[in-house]
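Since the structure comes first, as C-alpha cells, the remarks are kept for the end.
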Amino acid sequence: MEETILFDIWTIAQVVLIDLALGGDNSIVIGMAAKNLPHHLQKKAILYGTGGAIVLRFLMAAAVVWLLQIPYLKTVGAILLVLIGIKLIGADDDENIHVEAKDSLFAAVRTIIAADALMSLDNVLGIVGATGGHLGLLVLGMMISVPIIIFGSTIVIKIMNRFPILVYIGGAILGWAAGGMLATDSYFPYGKGNETVIQGILVAVTLAGGFLWKKRNDRKQKARK
C-alpha cells in the first residue's frame with residue numbers, strides 16, 4: 001500500500017516537473033494573442049482561451065493513450081521523448097516565440113487555443129510516458145500543473161534560468177519515461193526484464209545529446225558576437 005502511494009506521488013511529481021519544464025512559454029503566447037484587445041476583453045480572451053486550451057490538452061492526452069496501443073507506436077513515442085528531452089536541454093536561449101496579436105475576442109481565443117495545442121504536444125507525450133498511460137494519475141498531475149503553467153509561467157521561466165539543473169532533471173525524466181515506454185512495447189524484443197537498464201541508457205542518451213546540442217548552440221552564439 002505504502003509503495004503504491006509513493007509510486008503515485010513520484011509519478012505525479014514527474015508529470016508536474018515535465019509540464020513546468022516544457023510549458024514555460026504558454027503564458028507568453030496568451031499575452032501576445034490578447035495584447036491588442038481592449039482591456040475589458042483581455043480577461044475574457046485569457047479565460048476562454050485558457051479554458052479551451054486545457055480541455056483540448058486533456059483530449060490530446062486521452063488520444064495519445066489510445067494511439068500508443070497501436071503496434072510499435074510506443075517505440076516511436078520513446079524516440080520522440082528522447083528528442084524532446086535533448087531539445088529541452090540544448091534549446092537556444094535566443095529562440096523567440098511570435099504569435100500575432102488579434103483585435104477581436106473570437107480571433108484571440110482561437111489563436112490561444114491553436115498555439116497552445118501546437119506547443120503542448122511535447123508536454124502531452126511526456127506526461128503520458130511518465131504515467132504509463134494511467135489516466136487517473138495523468139489527469140491529477142495535469143490538474144496540478146496546468147494552472148501553474150498558465151498563470152505562473154513567468155515565475156517558472158525565472159526559476160529555470162536561475163537553476164539550470166532543473167532543465168537537466170526535466171530532460172532526464174523524459175529519458176526515463178522514454179525508457180519505460182520502450183521497455184513496455186510488446187513488439188520490442190529486449191524490453192522484458194530489462195526496463196531499468198533501458199531507462200538508464202535512454203537517460204544517458206538524452207543528457208549527452210542535450211549537452212552536446214547546448215555546447216553547439218553556445219559556440220554559434222559566441223561566433224555571432
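Please read these numbers as outputs of a predicted model, since none were measured by experiment.
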Rounded to the nearest 0.5 angstrom, the CG-CG distance for L174 and L83 is 11.0 Å
Considering residues at least two apart in sequence or located in another chain, which fulfil the ring pair (Phe, Tyr, Trp, His ring centres under 6.0 Å) criterion with F188?
-> Y190
All N/O donor-acceptor pairs, side-chain side in residues 197-204, below 3.5 Å, sequence neighbours left out:
unit_1	atom_1	unit_2	atom_2	d
Q199	NE2	W176	O	3.3

Interatomic spacing from CZ in R216 to CH2 in W213 - rounded to 0.5 Å = 8.0 Å
Those residues at least two apart in sequence (or on a different chain) that pass side chain to side chain contact (heavy atoms under 4.5 Å, CB included) with L41 are L37, P38, K44, L105
Separation between CG (N217) and CD1 (I89), nearest 0.5 Å, reads 12.5 Å
Rounded distance (nearest 0.5 Å) linking atom CG of L81 with atom CD1 of I86 = 11.0 Å
Are L59 and W66 connected in a single hydrophobic cluster, I mean Ile/Leu/Val/Met/Phe/Trp/Tyr linked by side-chain heavy atoms less than 4.5 Å apart?
-> no
For the atom pair NZ (K87) and CG (L80), what is the distance rounded to the nearest 0.5 Å?
-> 12.0 Å
Across all chains, not counting sequence neighbours, the side chain to side chain contact (heavy atoms under 4.5 Å, CB included) partners of I173 are Q14, L17, I18, I169
Please answer: with hydrophobic residues joined when any side-chain heavy atoms are less than 4.5 Å apart, are F106 and L56 in the same cluster?
-> no
Does V205 share a hydrophobic cluster with L182, counting links as ILVMFWY side-chain heavy atoms below 4.5 Å and allowing steps through other members?
-> yes
Sequence-distant partners of P189, side chain to side chain contact (heavy atoms under 4.5 Å, CB included), two or more places apart = none
Is it possible for you to say whether I84 and I79 belong to one hydrophobic cluster, with membership spreading through side-chain heavy-atom contacts below 4.5 Å?
-> no
For Y72, check ring pair (Phe, Tyr, Trp, His ring centres under 6.0 Å) against everything at least two apart and list the hits.
-> Y187
Any link between M181 and L67 through a network of hydrophobic side chains (Ile, Leu, Val, Met, Phe, Trp, Tyr) touching at under 4.5 Å?
-> yes
